[in-house]
Amino acid sequence: MNKIKRLFNKYKEIITYVIFGVLTTVVNFAAFWILSRVLGERLYLLNNAIAWVVSVAFAYVTNKLWVFESKSWAVRIVAKEVVEFVAARLFSFGVEEGGLLLFVDALGFGKYSISLFGFEITGQLIAKVILAVIVVILNYFFSKFIIFAKKNKKN
């Protein structure tokens, strides 16, 4: 049991980032799926943009509090974190939007869909899964080395 605790403590940041990253991805995908049903799949870029806003708000709070443990709510610190967090997420959002355009429009993923356990999985969703891996990696490096860098030790 002590070995498990030591391993968890050693890799706590990565473990919690993965857990909250998965939850953020679930929030993003759920919002995207709901918006696709409500607004229609033709508006996939708008649906993705709205889903992004919802998931970024969720990700900021979870990353701040539980992943990188930046506990300060001082206006100066929060303002700096939010600006940096949103800027980094805007960059990775651009990567995702560009990737969706590439996969869906240029490579034709939009033409494909499969049914799995009664759920239709579209080519757009498959493209989002591929891009999610890239985005998660980018976001971790931005958060770890820029936004919350060493703040978790000071705050």
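Computed from a predicted structure; not experimentally measured. Only heavy atoms go into these numbers, but all of them, side chains included; no hydrogens, no water, no symmetry mates.
- Contact between Leu100 and Ala127 at its shortest, heavy atoms only, is CD2-CB, 4.0 Å.
- Residues Ser55 and Asn28 come closest through the heavy atom pair OG-ND2, 3.2 Å.
- Evaluated for a ring-ring contact (aromatic ring centres under 6.0 Å, His included) with Tyr60, the options Phe85, Phe20, Phe68, Phe142 yield exactly one hit, Phe85.
- In this structure, Thr16 contributes its side chain and Glu13 its backbone to a donor-acceptor pair below 3.5 Å.
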Task: From CA spacing to verdict: side chain to side chain contact (heavy atoms under 4.5 Å, CB included), Val54, Val27 - done: CA-CA 8 Å; Val54 171; Val27 167; 3.7 Å; yes
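- In this structure, Arg37 places its CZ atom where more than 12 heavy-atom neighbours from other residues, nucleotides or ligands lie under 6.0 Å away.
- Rounding to the nearest 0.5 Å gives a distance of 7.0 Å between CH2 of Trp33 and CZ of Phe119.
- Electrostatic pairing of Arg76 and Glu81 does not count as a salt bridge here, judged by no charged N lying under 4.0 Å from a carboxylate O.
- Remark: Leu39 CG to Tyr44 OH distance equals 15.0 Å, nearest 0.5 Å.
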- [ ] Dump the intermediate steps for salt bridge (charged side-chain N to carboxylate O under 4.0 Å, His left out) on Glu84 and Arg89, then the final yes or no.
- [x] CA-CA 8 Å; Glu84 290 175 345; Arg89 295 299 165 114; over 6 Å; no
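- Judged by the 6.0 Å distance and 45° axis criteria, Lys64 is not positioned over the aromatic ring of Phe148.
- Val104 and Gln124 make their closest contact through CG2-CG, 3.8 Å (heavy atoms, listed as atom of the first residue, atom of the second, distance).
- The two residues Trp73 and Lys71 make their nearest non-hydrogen contact at CD1-O, 3.2 Å.
- Side-chain contact between Leu90 and Trp52 is present, with heavy atoms from C-beta onward closer than 4.5 Å.
- Relative to the ring axis of Phe29, Lys128 places its NZ or CZ within 45° and under 6.0 Å from the centre.
- Residue Val135 comes nearest to Ser92 through the heavy atom pair CG2-O, 3.7 Å, listed as atom of the first residue, atom of the second, then distance.
- Expressed to the nearest 0.5 Å, how far CG of Asn48 lies from CG of Leu101 amounts to 10.0 Å.
- There is no side-chain donor-acceptor pair under 3.5 Å between Glu41 and Thr122.
- Distance OG/Ser70 to CD1/Ile77: 6.5 Å, rounded to 0.5 Å.
- Taking the six-membered ring where the residue is Trp, Phe145 and Phe141 present parallel rings, their angle staying beneath 30° rather than reaching 60°.
- Under the 3.5 Å distance criterion, with hydrogens and angles disregarded, no donor-acceptor pair is assigned to the side chains of Tyr140 and Asn63.
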